[in-house]
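Take a look at the structure below.
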4 protein chains.
Amino acid sequence: MRSTATGQPRTKPAEIRREELMDAAQALFLGKGFTETSVDEIVKGAGVAKGTYYVYFKTKDDVLAALRERFVARFLERLQTAADGHPPSDWIARFDRWIDAAVNTYLDERALHDLVFHQMRPTHDRLHQANPVVRDLEGLIAQGAQAGAWTADNAHLVAVMVFSAVHGAIDDAGESPGPSDRKRLVHAVQSFCRMGIGLPPAG
Amino acid sequence: MRSTATGQPRTKPAEIRREELMDAAQALFLGKGFTETSVDEIVKGAGVAKGTYYVYFKTKDDVLAALRERFVARFLERLQTAADGHPPSDWIARFDRWIDAAVNTYLDERALHDLVFHQMRPTHDRLHQANPVVRDLEGLIAQGAQAGAWTADNAHLVAVMVFSAVHGAIDDAGESPGPSDRKRLVHAVQSFCRMGIGLPPAG
Amino acid sequence: MRSTATGQPRTKPAEIRREELMDAAQALFLGKGFTETSVDEIVKGAGVAKGTYYVYFKTKDDVLAALRERFVARFLERLQTAADGHPPSDWIARFDRWIDAAVNTYLDERALHDLVFHQMRPTHDRLHQANPVVRDLEGLIAQGAQAGAWTADNAHLVAVMVFSAVHGAIDDAGESPGPSDRKRLVHAVQSFCRMGIGLPPAG
Amino acid sequence: MRSTATGQPRTKPAEIRREELMDAAQALFLGKGFTETSVDEIVKGAGVAKGTYYVYFKTKDDVLAALRERFVARFLERLQTAADGHPPSDWIARFDRWIDAAVNTYLDERALHDLVFHQMRPTHDRLHQANPVVRDLEGLIAQGAQAGAWTADNAHLVAVMVFSAVHGAIDDAGESPGPSDRKRLVHAVQSFCRMGIGLPPAG
DNA sequence: TATGAATGAGTGTTCATTCAT
DNA sequence: AATGAATGAACACTCATTCAT
């Protein structure tokens, strides 16, 4: 009942299109916030028509969710990579390394992280529990404790607190701290958290 | 021919009106989120006309800012009260008490806290630094360290991490934890943070 | 959070504004159909801003409902007026008169009638029963039957059928029949319906 | 390297495909209305791709037209069947039978009838004239009148009114009237219409 | 001070239709 | 014949903000 149609449809693999849309959305959200970005701008950014967005996402919120998943997946990959190269039994080194990687990754992606985790309302509570990153850390802490490397009565809560301390320290850091600031930061967090689980402060 | 005595005095002390508006806004924001609440609903909640809102606040964001200030002020009062009753020199007791009060206050006002601190976008960074609550804690930590009660190379960062650990633990807690859950929570946080500054875990 | 505002608000009595909106909507609906008319066009037609529409009507469908009510009310007035001037006891004259008025009124307002009664879906069934016009006719038929002026075992069904015959005949008539066409139409309907209730055909 | 035998033959006789599309459309239209049904849903219902729809129909309205034609054709068949078995010269029996068949068929297919006749806007006028069902009835009435079985000055108008009376009575009936309700209905309509053309009421 | 009718730019979402494969 | 990714105009509805009274 409506009229329409002109531009030539340029078919691309669905995965590519979706990623392009996500990339465009991420850039805009990061630049001006989620609410302040319109779907119109997203599609303009991705170089597709309005309707195409809705071929790949059900609602506006939908990209944000997709962005979150992608962020977590990439984050975990990075932690994984960082953890490799240490003998699994060197618990303390792994713990230090985890914190180091977390701090630096978050610093690199702080804005993205905030976007993806603070934006949506009914998200705040139970967030950490469901958060795979926390789960990863919790596993490490529980295993290390079991191996006698440190003490942690409640591995989950400790993981949450370590995770939060990392966050807090990062949020507190300036916009783009230099390498030495980062070192200091990592060191402070490591010391605090090491001590928090009964280890001596970081060397 | 005066009007009948029905209409109540339409003018109220400005401070009262303002508070009523804030109360209405807070209730609504808490219930359905900031974005999801309209100015219309706020004025309806406060029992005034649309225009009246704009007599007391310049924009919609304005109430949120006012709400934040009020929250911080009240929070500090509560911490203050909690701190009183301990000799200023019993540092460890004051530290424990601070955490206890923080955990419980935040648990009581969690939703409000989230609303007031997570809601607005260009707020995330520098937040803690500007946060009077953190400043308060930082003072305590710095003084205790100076008095030799514990160790803290970087009082500010430590304060931020303690504060964050408190937050994280709370966010992780279920909707309305019972008294014993709270006790456990307080104890875990206290232990972790005590150890984080070189003290033995909480008794 | 949005910007806005320029045009000077020109306050009018609510009833006037509402009527103006309804008039604009009716003209548009009549001209191009309900679905084909946008709220934008309605407000343009009424000379007000988009939002003003929603001050007076909850949805787009809402005007249509209002239009329907107004149509029925006006229609009944007209039938009433037609019925006056005949002694209440001259049943046959009143019956003839009712049909005459109905045919002519519907012919005058055919498009409006169709708009208002055919447009909305969950309307078709039970429509006649709830229709005040049918109720009016039903009353007349029942009373006439009781007075022995004619026969009608089931006044309600007869009213429905007379009403429908009127409708059918009108729908069948060309776009704008001349006076003599109308006379013929009225006469044919009167004859058929008179006979339908056991009276001799119209003179 | 032929593809595995999974995919069923993708091409079907055009007539079948078309019917499947129409069936799907009819079911959907009946269930949720024409406007409320999307082409997407139709093709999903028919198990074909979007583009296939446009191989068989030029626009969305097109199916509705096709549905109307199919409805009328089937309806006429049924009337035809009903008429058979009576000697062509028993006019009154044929008239009664026509009404009986019409009432019952419409009751069986009321929703479909409404869909197909009320839905499209520029349809209301001239509808009955163009309607083959009315033409069929008109032929019967004209022939009966010519044969002296009854009186009808204007066979066309009478046919329209009888047809409308049938409709009205049906629309007025509840959702799914039982057999005895149907009988009563048929009887009332027959009586009214018989009398309308100068016959005694139905026995 | 308080009102509330009026504003109008802006938004998310839908969907009939096309066309390269 | 059949597909389904892509289109983009259109639309209903929202809501922060203004201002004459």
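Remember, it's a predicted structure, so these values are computed and weren't measured experimentally. Below, chain A is the first sequence line, B the second, and so on; all start at residue 1.
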(message) If you define the side chain from C-beta out and look only at heavy atoms, does anything of Phe75(C) sit under 4.5 Å from Glu109(C)?
(response) no
(request) Starting at atom CZ of Phe57(A), determine the distance to atom C1' of dT14(E), rounded to an integer number of angstrom. (result) 18 Å
(request) Just jot down the salt bridge (Lys or Arg N to Asp or Glu O under 4.0 Å) partners of Lys60(A), sequence neighbours excluded, or say none. (result) none
(request) Kindly give the heavy-atom pair with the smallest separation between Leu67(A) and Ala25(A), and that separation in Å. (result) CD2-CB, 4.4 Å
(message) Tell me the closest heavy-atom pair linking Val43(D) and Ala49(D), and the distance in Å.
(response) CG1-O, 3.8 Å
(request) Report yes if the side chains of Tyr56(B) and Met22(B) come closer than 4.5 Å at any heavy-atom pair, otherwise no. (result) no
(message) Please compare Lys12(A) and Val55(D) by the position of their nearest nucleotide in DNA chain F and report the one closer to 5'.
(response) Val55(D)
(message) Considering every strand and a 4.0 Å limit on heavy-atom distances, what is the contact class for Lys60(A): base, sugar-phosphate, or nothing?
(response) sugar-phosphate
(message) Looking at Lys12(C) and Glu20(C), is there a salt bridge between them, counting it only when a charged N and a carboxylate O are closer than 4.0 Å?
(response) yes
(request) Write down the distance between CD (Glu36(D)) and C1' (dA16(E)), rounded to a whole number of angstrom. (result) 15 Å
(message) Do the side chains of Lys32(D) and Glu41(D) get close enough for a salt bridge, i.e. N-O under 4.0 angstrom?
(response) yes
(message) Near DNA chain E, counting only heavy atoms under 4.0 Å, which residues of residues 39-48 of chain A show up?
(response) Val39(A)
(message) From CG of Leu21(C) over to C1' of dA6(E), roughly how many Å is that when rounded to an integer?
(response) 12 Å
(request) Round to the nearest Å and state the distance from Ile16(A) atom CD1 to dA6(F) atom P. (result) 11 Å
(message) I need the CG-C1' distance between Asp62(D) and dT18(E), as an integer number of Å.
(response) 16 Å
(message) Does a side-chain N or O of Arg17(B) approach OP1 or OP2 of dT1(E) to a distance below 4.0 Å, or not?
(response) no
(message) Could you check whether the side chain of Lys50(B) and the base of dT17(F) have a donor-acceptor pair of N or O atoms closer than 3.5 Å, going by distance alone?
(response) yes
(message) Which is more 5' along DNA chain F, the nucleotide nearest Ala14(D) or the one nearest Thr59(B)? Just name the residue.
(response) Ala14(D)
(message) As a test of reading the structure: which of dA6(F), dT14(F), dT17(E) is closest to the side chain of Tyr54(C), going by heavy atoms?
(response) dT14(F)
(request) Would you indicate which nucleotide in dT7(E), dA1(F), dT1(E) comes nearest to any side-chain atom of Ala49(C)? (result) dT7(E)
(message) Let me spell it out: for each of Tyr53(B) and Gly51(A), pick the nucleotide of DNA chain E with the closest heavy atom. Which residue's pick is nearer the 5' end?
(response) Tyr53(B)
(request) Would you check if the side chain of Tyr53(A) reaches a backbone N or O of Thr59(A) as a donor-acceptor pair within less than 3.5 Å? (result) yes
(message) Working to the nearest 0.5 angstrom, can you tell me the gap between Tyr54(C) OH and Leu21(C) CG?
(response) 10.5 Å
(request) Please state how far atom CG in Asp61(B) lies from atom P in dC15(F), giving the value in whole angstrom units. (result) 15 Å
(message) Output the pairing pattern of DNA chain E as a dot-bracket string, 5' first, Watson-Crick or G-U wobble with both distances under 3.5 Å, | for cross-strand pairs, [ ] for crossing pairs.
(response) .||||||||||||||||||||
(message) Let me confirm one number: the CZ-CZ distance from Phe34(D) to Phe29(D), rounded to the nearest 0.5 Å.
(response) 5.0 Å
(request) Return the 5'-most residue of the pair Ser38(D), Tyr56(B) with respect to DNA chain E, ranking by each residue's nearest nucleotide. (result) Tyr56(B)
(message) When you measure from the side-chain N and O atoms of Thr11(A) to the phosphate of dA20(E), is any distance below 4.0 Å, counting only OP1 and OP2?
(response) no
